[in-house]
Amino acid sequence: MEFTRPRGTRDFLFDEMRQRSEAENTLREVFENYGYGEVKTPLFEELKLFTTKSGEEIIDQLYNFKDKSDRELALRPEVTAAISRLYINEMSKTAKPIKLYYYGSCFRYERPQKGRFRQFWQFGCELIGAKSPEGEGEVISMANESIIKLGITTAEIHINHLGIIRGLFEHFGIDKEKSREVMVVVDKGDKQLLEDALKGDEPIIDNEELADILLVLIDMVGDSSIFEDIKNLVFDYEECRTALDELQELITTLKSFNVLNYNINLGVARGLDYYTGIVFEIYVPELGSQKQVCGGGTYSLIKLFGGEDVVSTGFAFGFDRLMDAIEACGNLPTVKPKVDVYVAPISDDTRQLSYTIAQNLRCENIKTEIDLSRKKFKKLLSYANNLGVRFTVLVGSKDVENNQVTIKNMQTGYQELIDIDNILSYIKENL
RNA sequence: GCCGGGGUAGGGUAGGCGGUCAUCCUACGGGACUGUGGAUCCUGUGACUCGGGUUCGAAUCUCGGCCCCGGCCCCA
């Protein structure tokens, strides 16, 4: 083969595309039921937009380039930054809260593996300018509903409030740099690793009391009842109380939204400063090492980009992983044949009439295919068979002399003579 | 960036201790067969990922590239 696909990219063929469209429509429906409107932003942006959000280091993982006027650009690695930019550019005076969603591909220069590609699709939303616990509650509820409607039955939602651990850092006077380092370790969710990092030979922070609390906290994963344990552990540290209150309220709100199947998990962490409140992730364990299908939280990116301080909550689904998850749960929709009726001219002199018959069917939204390559009789049926159509309309001169055609049910093999004028009604009745 | 397993017609595969024509299924073309024939039979086109090395001879052994699969790292 002369040309190959670029590494980490995929071609999608008919069946897979139909399954993906179906999932896409399901998500659109859910998001729009919650009052979200779709937006679309460019596939590429100024490189600066992404480095401002995530630091210079991400250039390693970007597809960036200079255009012919020497502008530094990059293919977007995610959409949240673009949405914040769009908000500042066009929507800062729009009545809040603003609810928008997006679907599109993103690009990252990474080593491809299962559930990870260089071009991949994200389906996400942003809720801009809502009050915290209720906005977060609704957003999580929407994510939860999406997962359920897609047929993903084994998903786990993990929620954390970064204010708790941040409050502890503040209380113990830990600087930003060290806090971030600890966060990174906490995020790995490995207790032994954390113990080594805090109490090993070269501890990141030299504080026994904080280390002990963190080591207990990281184990606190469980349903909403675990909140009491967390509260008992950190209530004495004043800096944590706002976060505790917010988390408490979120739990109450989620209950009202009828979301009960989540975990509180202090191990869901983020190193970046713009996260201000809750963060959450959704895992589908069957997917192995790339099991995270969704990530989200509350952040003030807009301020970071030079706008006013408007807090948003949002999340993004890794669309490709959602498809994997649906498959893992055995709930991929079976694809229907893409054509319902095949019109087969079996004599040369009935070809033109066949086109007319096909057009009439198409006018009534019946998916119809007609022979375009002058196939012989046997090939006509064989082709129709491979298409998986329900009916083949055999148009031959002997029948046409009596103003009739033969309609064959391809599943049963049963066929009957039908008046040309009655083709439409016959097919509509039997389809 | 690191570790492992792979790559054979359009799709799916067999073979591989070096040696006739590289296997089978499917799809595609022709025929038995100008309208009952979606079957069956016959037949045709079509492939050893790319490049170097060893060898009289490489799909097979060897090295490297590219790509795929899985695992680590990372994950905005």
Side-chain angles (χ1 to χ4, degrees), chain A residues 1-11 13-15 45 47 49-62 74-84 106-118 120 122 124 184 187-188 190 193 268-275 279 281 287-297 299 301 304 314-316 318 321 342 344-350 373-389 391-392 394-401 404-417:
Chain A
M1 260 303 142
E2 195 70 30
F3 297 109
T4 53
R5 241 181 297 128
R7 187 163 156 80
T9 62
R10 291 156 294 164
D11 295 314
L13 302 188
F14 307 124
D15 288 355
E45 295 273 355
L47 174 64
L49 183 71
F50 304 118
T51 52
T52 302
K53 176 169 184 249
S54 312
E56 294 290 326
E57 316 83 62
I58 53 145
I59 291 180
D60 291 348
Q61 289 166 82
L62 287 179
L75 297 183
R76 63 185 185 193
E78 46 95 24
V79 186
T80 303
I83 299 291
S84 303
C106 301
F107 304 82
R108 295 183 188 179
Y109 192 86
E110 291 185 293
R111 175 110 174 39
Q113 58 180 281
K114 184 182 184 175
R116 174 182 287 184
F117 303 94
R118 288 184 172 183
F120 59 98
Q122 286 201 338
V184 169
D187 189 43
K188 292 188 200 298
D190 183 332
L193 220 63
V268 178
R270 297 280 151 90
L272 295 160
D273 294 333
Y274 51 77
Y275 286 97
V279 291
E281 295 178 348
L287 299 186
S289 75
Q290 310 297 328
K291 64 177 182 176
Q292 190 185 329
V293 298
C294 177
Y299 35 81
L301 246 195
L304 183 69
F315 67 83
R321 292 184 189 176
Y342 187 67
I346 56 180
S347 330
D348 279 335
D349 55 355
T350 56
S373 50
R374 307 196 176 186
K375 286 186 199 306
K376 291 191 185 158
F377 197 83
K378 172 187 174 153
K379 297 288 179 187
L380 286 169
L381 276 186
S382 154
Y383 186 77
N385 198 37
N386 286 342
L387 273 181
V389 294
F391 293 102
T392 297
L394 299 164
V395 189
S397 46
K398 282 181 196 164
D399 301 340
V400 168
E401 276 169 25
Q404 290 183 312
V405 294
T406 302
I407 298 185
K408 184 171 188 118
N409 181 321
M410 296 303 280
Q411 267 105 60
T412 61
Y414 173 77
Q415 61 184 44
E416 60 184 306
L417 279 168

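Here is how names work: the chains are called A, B, and so on, in the same order as the sequence lines, proteins then strands, and each is numbered from 1.
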**OP:** Under the side-chain hydrogen bond (donor to acceptor under 3.5 Å, both in side chains) rule, collect the residues that match up with A:Q122, sequence neighbours excluded.
**Re:** none
**OP:** Using side-chain hydrogen bond (donor to acceptor under 3.5 Å, both in side chains) as the criterion, list what pairs up with A:Q113, not counting sequence neighbours.
**Re:** A:Q290
Subject >> By salt bridge (charged side-chain N to carboxylate O under 4.0 Å, His left out) - contacts of A:R111 (at least two apart) >> reply: none
Subject >> Results of side-chain hydrogen bond (donor to acceptor under 3.5 Å, both in side chains) for A:Y383 - residues two or more places apart only >> reply: none
Subject >> Partners meeting side-chain hydrogen bond (donor to acceptor under 3.5 Å, both in side chains) with A:D187 (sequence neighbours left out) >> reply: none
**OP:** Could you pull out all residues at least two apart from A:I58 that satisfy side-chain contact (heavy atoms from CB on, under 4.5 Å)?
**Re:** A:F50, A:S54, A:L62
**OP:** Can you run through RNA chain B from 5' to 3' and write each base as (, ), [, ], | or . depending on how it pairs? Watson-Crick or G-U wobble, both distances under 3.5 Å.
**Re:** (((((((..(((......[....))).(((((.......)))))....(((((..]....))))))))))))....
**OP:** With sequence neighbours left out, write down each residue that passes side-chain contact (heavy atoms from CB on, under 4.5 Å) with A:K53, or none if nothing qualifies.
**Re:** A:E78, A:T80, A:A81, A:Y274, A:L301, A:F305
Original post:
Considering residues at least two apart in sequence or located in another chain, which fulfil the side-chain contact (heavy atoms from CB on, under 4.5 Å) criterion with A:A384?
Top reply: A:Y342, A:V389, A:T392, A:M410
Original post:
Which letter, B, S or -, goes with each nucleotide of nucleotides 71-76 of chain B from 5' to 3', with contact meaning a protein heavy atom under 4.0 Å?
Top reply: SBBBBB
Could you write out each protein N or O paired with an N or O of nucleotides 29-35 of chain B at a distance under 3.5 Å?
| residue | atom | partner | partner atom | Å |
| --- | --- | --- | --- | --- |
| B:rG31 | OP1 | A:K376 | NZ | 3.2 |
| B:rG31 | OP2 | A:K376 | NZ | 2.8 |
| B:rG35 | O6 | A:G396 | O | 3.0 |
| B:rG35 | O6 | A:S397 | N | 2.2 |
| B:rG35 | O6 | A:S397 | OG | 3.4 |
| B:rG35 | O6 | A:K398 | N | 2.2 |
| B:rG35 | N2 | A:D399 | OD1 | 3.2 |
| B:rG35 | N2 | A:D399 | OD2 | 2.8 |

All N/O donor-acceptor pairs, side-chain side in residues 374-382 of chain A, below 3.5 Å, sequence neighbours left out:
| residue | atom | partner | partner atom | Å |
| --- | --- | --- | --- | --- |
| A:K375 | NZ | A:S373 | OG | 3.4 |

